[in-house]
Each structure stands twice: as C-alpha cells, then as structure tokens.
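Encoded as structure tokens, the structure appears first; notes follow it.
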Amino acid sequence: MSQPRIHKDSICAVVGYGSWATAIVKILLENGNTVRWHVRNPDVKAHLAAHRTNPKYLSQVHFFTDRLTVTSDIASAVRDSDVIIVAVPSAFLGLTLEPLDRHALDGKFIISAIKGIVPDGYLTVAEWLNQRYGVPFDRIGIVTGPCHAEEVALERLSYLTMVCKDPEIARMLGDKFANDYIRVTTSADIYGAEYAAVLKNIYAIAVGIAHGLGYGDNFLAVLISNSALEMEHFLTSTFEAERNVCNSAYLGDLLVTCYSQFSRNRTFGVMIGKGYSVKNAQMEMNMIAEGYYAADCIHRLRARFGIEMPIAEAVYGILYERKNPAAQIKSILDQLK
C-alpha cells in the first residue's frame, strides 16, 4: 500500500463537535487548511450554518471562511479528506464511526485527539482503529499534550506533541497545528502517549476527590508526584520504549489535568469527594469524564500484568465498587512518598 498523501494542501476532516474538536477546527483554519467538519447534532450544525459559531462549546470562536464545510454525513467528510482527526469521547467512538464501511479509512491518515480508552474491548483508540478498520499503526497519529481547548480559544501559548511512527509524517502533521500560540514537538511513542493520556485522567479524578474531601495543596502535590511515578511504572512494565515521562506529553498533561479549572476529570472527582454519587456527578456534568472508563480499563490491565497501582486502584474502588472516598484516600496515605 502506498503511504497516505500528507502535504500542506492535504484536506482535513474533523469528527466531533465538542470543545477540543472546535478548538482543532479553529487551529486548522487559521493555518490555511481546508476542513470538512462532521457534526452529528442537527441543532449544532444548523447554528454553525446560520451564525458560524458552535452554540454548545467555545461559542466565542467564529468560523467565517469558505474553507470550512460542515456536514452531518461522515462518509462524505472522510471520502473527501486526506487526514481524519477524530475528537469525540472514547465511549462514543464506535457509534460515531458506525456509518463507515470497513474500507472507508483505506489510504487515509488518522489522528486521534481522544484522551481515553474505548470501553468496547478496553482498547486504546489506535488499537481500536487497527482492529475495527484495519488501519495500520504507521497511518495512525496521536495529538496530545497539556492543551485545554478553552485556552486555545483564548490563544494562550500552548504545547502539543504529534506522535507518529514516522518522524517525517509527524513533522508534516505537526505543521498543520503549529502557529504563534501553538508550539508542536514530535514523538514516536504511540503506546506511551495514549496510555499516559488515559492514566492522567484517573489521577485527575483522584486529585479532585482529595480536594473535595478537604485535602490541601501540600498533600495534592504529593499525590500528583506519586501519580507520575505510578504512571511511569505502568508504562515501563507494559511496554518499554525510549521515553522521558518528564516531557510535556506525559508529566505536563498530567499536571494540567490535575490542577486546571478546565479539567472535567478533576471536576468530576471534586463532586465525588463532596458527596455526589457517581451517577449524579455524571448527570450534572455537561461533558464526559474519560477517567471513569479509564479506571476500569487500567484495573483490568494492572491485574493482568501484576502491577501495583494503589492510586489508580483507589479510584477504581470508589467509582466501581462504591467504596467510601474518604476511606479509600486514607488507605493509600502510607504508600505515598
């Protein structure tokens, strides 16, 4: 098979209409790219057509350009594009791509902007795309890093990492995102980048729970530093590779997800710490907390590999076994360093 066509004029499709998808469309258009935007929600699609804004997410961002086509037909968006950027909650990935036939992604380069696990089979997005649609791993990229959509909308300086097996393709795809307020680095660690993005959501929930229970900044710093060690332990134990977990794609993303006011996983955790049930916290939030699904996945993988992960297990116990949050956090205190 020939490699997908990646060049400065490659047409991009963005699948999803949440805050991160909206921010990605903004970045791509500002960089001169032609974009096909797949929006499933008919009300959002109609509002974009009439007002050129997303009424649900980042509504301050306007899309006044003839290089943007908004469509509810995912098959046409994919067919007319060279690069497909998927930015939907991981739990809805299968439903969103369901209209595509098995060969719809042949000859395309797929970028995952999803920081979560696919609950159906407990697969990373790259693994799921490979198994469901036969996309080779050398045609899959990951865009990751500490980059909240809300700050992108405000054009605050942010750093992304474009992860691909081929460094040259990573560089070319990175050029589509890089601008005055987005710096882009590259990496070849697809496995590490995806699982770090999964794990940091679990740890952000842990931090949120602790904050909701009344723990202060001193303890949260210890909890986060131990979460970083636990993340490194998991990655090294399951797939050794040349990686530096202090880089922004790993530690940076962990820090911003644990500390930021925009972090939905931290917010979800705070609600649990303050006494909300899991179900009530999910109902009240307007966005998906990916760490909920991640906790179940990592629980299973940890058991399979025999890895000790007390922080991740404490979160699993709270979310899935209905254990008392205060008791669970207290149970790990002596294991922190």
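Atom CG of Asp101 sits in a crowded spot, with more than 12 heavy atoms from other residues, nucleotides or ligands closer than 6.0 Å. Within a 6.0 Å radius of CZ in Arg102, other residues, nucleotides and ligands contribute more than 12 heavy atoms. By the neighbour-count criterion of 12 heavy atoms within 6.0 Å, atom CD of Glu240 is sparsely surrounded, having that number or fewer from other residues, nucleotides or ligands. Under a cut-off of 6.0 angstrom, the local environment of CD in Glu242 is sparse, with at most 12 non-hydrogen atoms contributed by other residues, nucleotides or ligands.
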Walk me through whether Val14 and His38 qualify under side-chain contact (heavy atoms from CB on, under 4.5 Å). CA-CA 6 Å; Val14 177; His38 173 247; over 6 Å; no

Does the side-chain contact (heavy atoms from CB on, under 4.5 Å) test come out yes or no for Leu173 and Val184, once each step is laid out? CA-CA 10 Å; Leu173 290 171; Val184 180; over 6 Å; no

Take Val35 and Ile24 through the side-chain contact (heavy atoms from CB on, under 4.5 Å) test and state the conclusion after the steps. CA-CA 10 Å; Val35 178; Ile24 289 172; over 6 Å; no

For salt bridge (charged side-chain N to carboxylate O under 4.0 Å, His left out), just list the numbers for Glu230 and Arg302, CA-CA rounded to whole Å, side-chain angles, deciding distance to a tenth of an Å, and then say yes or no. CA-CA 11 Å; Glu230 192 168 288; Arg302 180 209 65 78; over 6 Å; no

Test Asn226 against Tyr203 for side-chain contact (heavy atoms from CB on, under 4.5 Å), laying out the working first. CA-CA 10 Å; Asn226 278 263; Tyr203 299 131; over 6 Å; no

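The shortest distance between side-chain heavy atoms of Leu123 and Cys297 does not fall below 4.5 Å. With a 4.5 Å cut-off on side-chain heavy atoms, Cys12 and Asp82 do not count as touching. Between Arg171 and Cys164 there is no side-chain heavy-atom pair separated by less than 4.5 Å. Residues Asp138 and Asp166 fail the side-chain proximity criterion, which asks for heavy atoms closer than 4.5 Å. Two residues are said to be in side-chain contact when any heavy atoms from C-beta on lie closer than 4.5 Å; Met309 and Leu199 meet this criterion. Contact annotation: the side chain of Tyr293 approaches that of Pro119 to within less than 4.5 Å [non-hydrogen atoms, C-beta and beyond]. Residues Asn54 and Leu58 are not in side-chain contact: their nearest non-hydrogen atoms beyond the backbone lie 4.5 Å or more apart. Taking 4.5 Å as the limit, every side-chain heavy atom of Ser72 sits out of range of all side-chain heavy atoms of Arg40.
Minimum interatomic distance between Leu319 and Gly291 (heavy atoms only, all atoms of both residues): CD1-O, 4.5 Å. Minimum heavy-atom separation, Gly141 to Phe109: N-CE2, 3.4 Å. The shortest non-hydrogen separation linking Val163 to Ile190 is CG1-N, 3.5 Å. The heavy-atom pair separating Leu336 from Phe219 by the smallest distance is CD1-CE1, 3.6 Å. For the residue pair Val125 and Gly116, the shortest heavy atom distance occurs at CG2-O, 4.1 Å. Residue Leu105 comes nearest to Leu100 through the heavy atom pair CD2-CD1, 4.1 Å, listed as atom of the first residue, atom of the second, then distance.
In this structure, the side chain of Asn33 does not engage the main chain of Leu29 through any donor-acceptor pair within 3.5 Å. A donor-acceptor distance shorter than 3.5 angstrom exists from the side chain of Arg52 to the backbone of Phe63, with no hydrogens or angles considered. Judged by distance alone, with hydrogens and angles left aside, the side-chain atoms of Arg266 form a donor-acceptor pair with the main-chain N or O of Cys258 at under 3.5 Å. Remark: the backbone N or O of Gly32 is not paired with any side-chain donor or acceptor of Lys176 at under 3.5 angstrom. Of the possible donor and acceptor atoms, one in the side chain of Trp37 sits under 3.5 Å from a partner among the backbone N and O of Gly16. Between the side chain of Ser90 and the backbone N or O of Ile117 there is at least one donor-acceptor pair closer than 3.5 Å. Under the 3.5 Å distance criterion, the side-chain polar atoms of Ser112 are matched with a main-chain donor or acceptor of Ile114. At distances below 3.5 Å, not a single donor-acceptor pair connects side-chain atoms of Asn247 with backbone N or O atoms of Ala249. Side-chain N or O atoms of Ser76 include one that pairs as donor or acceptor with a backbone N or O of Asp73 at under 3.5 Å. In this structure a side-chain-to-backbone donor-acceptor pair under 3.5 Å is present from Ser277 to Asn280.
Using modelled atom types and a 3.5 Å distance limit, the side chains of Thr257 and Asn265 yield no donor-acceptor pair. Residues Thr144 and Thr161 bring no donor and acceptor atom of their side chains to less than 3.5 Å of each other. Side-chain contact annotation: Asp296 with Tyr320, donor-acceptor N/O pair under 3.5 Å absent. Between His103 and Asp106, the side chains place a donor N or O and an acceptor N or O closer than 3.5 Å (distance only, hydrogens not considered).
Of the charged side-chain nitrogens involved, none lies within less than 4.0 Å of a carboxylate oxygen, so that Glu284 and Lys279 do not count as a salt-bridged pair. In summary, Asp189 and Arg243 engage in a salt bridge, as defined by a charged side-chain N under 4.0 Å from a carboxylate O. Salt bridge present: Lys115 and Asp253 bring a charged side-chain N and a carboxylate O closer than 4.0 Å. Contact check on Asp120 versus Arg132 returns a salt bridge, with a Lys/Arg side-chain nitrogen under 4.0 Å from an Asp/Glu carboxylate oxygen.
Clustering ILVMFWY residues whenever any of their side-chain heavy atoms sit less than 4.5 angstrom apart, transitively, puts Leu220 in the very cluster that holds Met231. Hydrophobic clustering (side-chain heavy atoms under 4.5 Å, transitive across Ile, Leu, Val, Met, Phe, Trp, Tyr) groups Ile209 together with Ile311. Using a 4.5 Å cut-off between side-chain heavy atoms of Ile, Leu, Val, Met, Phe, Trp and Tyr, with links allowed through other members, Leu235 and Leu255 fall into the same hydrophobic cluster. Phe239 and Phe234 fall within the same hydrophobic cluster, where Ile, Leu, Val, Met, Phe, Trp and Tyr residues are linked whenever their side-chain heavy atoms come under 4.5 Å apart, directly or through other members. Grouping the Ile, Leu, Val, Met, Phe, Trp and Tyr side chains by contacts below 4.5 angstrom, directly or via other members, places Val315 with Val222.
When each of Glu30, Arg156, Glu151 is tested with Tyr181 by the rule side chain to side chain donor-acceptor pair (under 3.5 Å), just one qualifies, namely Glu30.
Using cut-offs of 30° and 60° for the angle between ring planes, the Tyr191 and Tyr195 rings count as tilted. By the 30° and 60° cut-offs, the orientation of the rings of Tyr57 relative to Tyr17 is tilted. Taking the six-membered ring where tryptophan is involved, the planes of His47 and His51 are tilted, since the angle between them lies from 30° to 60°.
The line from CD1 of Ile205 to OH of Tyr292 is 10.0 Å long, rounded to the nearest 0.5 Å.
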